[in-house]
Amino acid sequence: MQVHNVNLTISAVRPEQYPDAKLPEVALAGRSNVGKSSLINTLINRRNYARTSSQPGKTQTLNFYNIEDLLYFVDVPGYGYAKVSQKEREKWARMIETYFSTRQELKGAISLVDARHEPSELDCQMIEFLHYYNIPVLVVGTKIDKIPKSKRNKSESQIRKKLQLTKNDRLILFSAVDKTGKDEVWDWIEDITKVN
Ligand SMILES: Nc1nc2c(ncn2[C@@H]2O[C@H](COP(=O)(O)OP(=O)(O)OP(=O)(O)O)[C@@H](O)[C@H]2O)c(=O)[nH]1
Ligand SMILES: [Mg+2]
């Protein structure tokens, strides 16, 4: 998809604040700093539309990006940032649970993991959570420009194994630097949301 029109429609914490445009939604989740905002920027061909963070753990709202009035990307605040208080964590968990368990417009989730490392326990919990709610999953392994080509297959199988991905879960290795995987990610999104 060639994207020309993007709007940050709303930053929401409660269901009353979600947009009511009835467009399909794709959520992006992953630990803080994994590259969620960078993936959005790459998909929409902007350098810094979705703010990439100099301050990890900062974004604590669901950010809805309206893409061409066809669909929304929902940037989910990152998990696993050490300096976030227990109270903030609980607030985050409630917000996420509410959104993923009730949102009719949600068609699928992109779960990002850093392809350079074995996925963390929190990454595993996120996948379990998405499976539990029967949400179609695309796992994106980020920052693969930092992995030599000869080691990418190994990284892929490590991610599949650790996250216990099923045959219904797609896995795509991605780089916001050299755009590897961008077209495949768009294909999955178009497929899941039935827009193109
Ligand atoms: N080399 C490389 N760096 C990347 C890539 N994607 C993101 N980064 C860098 O990783 C850092 C974090 O990226 P963000 O896109 O802000 O991560 P985020 O998941 O949105 O972070 P939070 O909003 O804090 O949850 C930034 O310094 C990016 O430039 C990539 O594909 N390759
Ligand atoms: Mg971000």
Side-chain angles (χ1 to χ4, degrees), residues 3 6-13 25-67 72-85 88-97 99-100 108-127 129-130 137-152 155-156 158-159 163 170-186 188-189:
V3 177
V6 185
N7 278 300
L8 173 57
T9 302
I10 195 163
S11 297
V13 287
E25 293 170 5
V26 174
L28 294 96
R31 74 162 175 72
S32 187
N33 217 41
V34 71
K36 295 178 295 299
S37 300
S38 300
L39 173 60
I40 292 177
N41 287 326
T42 302
L43 292 172
I44 65 176
N45 302 313
R46 302 289 177 92
R47 191 171 288 275
N48 208 10
Y49 191 86
R51 287 243 316 281
T52 48
S53 49
S54 45
Q55 293 169 292
K58 255 298 180 204
T59 343
Q60 289 301 333
T61 54
L62 296 165
N63 290 334
F64 291 76
Y65 295 94
N66 180 317
I67 311 297
Y72 284 106
F73 287 151
V74 184
D75 196 356
V76 174
Y79 49 77
Y81 185 58
K83 286 183 190 161
V84 174
S85 70
E88 285 293 320
R89 268 177 230 279
E90 283 163 15
K91 224 167 90 184
W92 180 91
R94 269 200 305 278
M95 180 175 79
I96 302 305
E97 178 107 38
Y99 175 74
F100 281 97
I110 301 180
S111 189
L112 292 85
V113 297
D114 190 325
R116 294 170 301 175
H117 313 292
E118 184 174 68
S120 69
E121 290 310 316
L122 289 174
D123 294 330
C124 295
Q125 285 171 25
M126 179 52 77
I127 297 292
F129 172 82
L130 295 170
V137 174
L138 164 65
V139 175
V140 165
T142 63
K143 311 194 185 185
I144 59 146
D145 51 284
K146 298 205 172 174
I147 306 179
K149 288 212 168 76
S150 62
K151 294 195 175 148
R152 291 182 186 177
S155 158
E156 213 165 14
Q158 187 181 45
I159 293 169
L163 294 179
R170 282 288 310 279
L171 168 61
I172 296 169
L173 297 183
F174 175 81
S175 164
V177 172
D178 62 27
K179 321 290 181 218
T180 302
K182 177 185 167 183
D183 293 345
E184 287 96 324
V185 174
W186 259 128
W188 184 86
I189 293 169

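Everything numeric here is computed off the predicted structure, so don't read it as measured data. When a ligand or atom number is given, it counts from 1 through the structure's own listing order.
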What class does the angle between the rings of Phe73 and Trp186 fall in, given that below 30° is parallel, 30 to 60° is tilted and above 60° is perpendicular?
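Phe73 vs Trp186 ring planes: tilted.
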Once rounded to the nearest 0.5 Å, what's the spacing between atom NZ of Lys143 and atom OG1 of Thr180?
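With rounding to 0.5 Å, NZ (Lys143) is 15.0 Å from OG1 (Thr180).
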With Lys182, which residues qualify under side chain to side chain donor-acceptor pair (under 3.5 Å), at least two apart?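 So Lys182 forms a side chain to side chain donor-acceptor pair (under 3.5 Å) with Asn45.
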For ligand 1, which atoms, with element, lie under 4.0 Å from some heavy atom of [X]?
| X | answer |
| --- | --- |
| Ser175 | 31 (O) |
| Ser32 | 24 (O), 25 (O) |
| Ser38 | 6 (N), 7 (C), 13 (O), 14 (P), 15 (O), 28 (C) |
| Gly78 | 25 (O) |
| Lys36 | 15 (O), 17 (O), 18 (P), 19 (O), 20 (O), 21 (O), 22 (P), 25 (O) |

Would you say Asn33 contacts ligand 1, with heavy atoms under 4.0 Å as the rule?
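For ligand 1, residue contact (heavy atoms, under 4.0 Å) with Asn33 is present.
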### Task
List in chain and number order the residues that pass salt bridge (charged side-chain N to carboxylate O under 4.0 Å, His left out) with Arg170, two or more places apart in sequence or in another chain; answer none if no residue qualifies.
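Arg170 satisfies salt bridge (charged side-chain N to carboxylate O under 4.0 Å, His left out) with no other residue.
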Find out whether Tyr79 and Ile96 are in side-chain contact, i.e. whether some heavy atom of one side chain is under 4.5 Å from a heavy atom of the other.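 No, too far: nothing below the 4.5 Å cut-off.
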I'd like to know if the Mg ion (ligand 2) has an N/O/S atom from Ser37 within less than 2.8 Å of it, counting both backbone and side-chain atoms.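 True for Ser37.
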task = Please indicate whether any nitrogen or oxygen in Gly35 is less than 3.5 Å from any nitrogen or oxygen in ligand 1.
result =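 So ligand 1 has an N or O lying under 3.5 Å from an N or O of Gly35.
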Does ligand 1 come near enough to Pro77 that some N or O of the ligand is less than 3.5 Å from an N or O of the residue?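 No, no N or O pair falls under 3.5 Å.
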Given Leu112, Asp75, Ile44, Thr142, the one that forms side chain to side chain contact (heavy atoms under 4.5 Å, CB included) with Leu39: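 Going through Leu112, Asp75, Ile44, Thr142 one by one, the side chain to side chain contact (heavy atoms under 4.5 Å, CB included) with Leu39 is satisfied by Leu112 alone.
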Worksheet item: Of Thr180, Asp178, Asp145, which has the heavy atom at the shortest distance from atom 1 (N) of ligand 1?
Response: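 Of the listed residues, Asp145 has the closest heavy atom.
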Check your understanding: Under 3.5 Å, is there a donor-acceptor pair between the Ser38 and Asn41 side chains?
Key ->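 No pair is found: no donor N or O on one side chain lies under 3.5 Å from an acceptor on the other.
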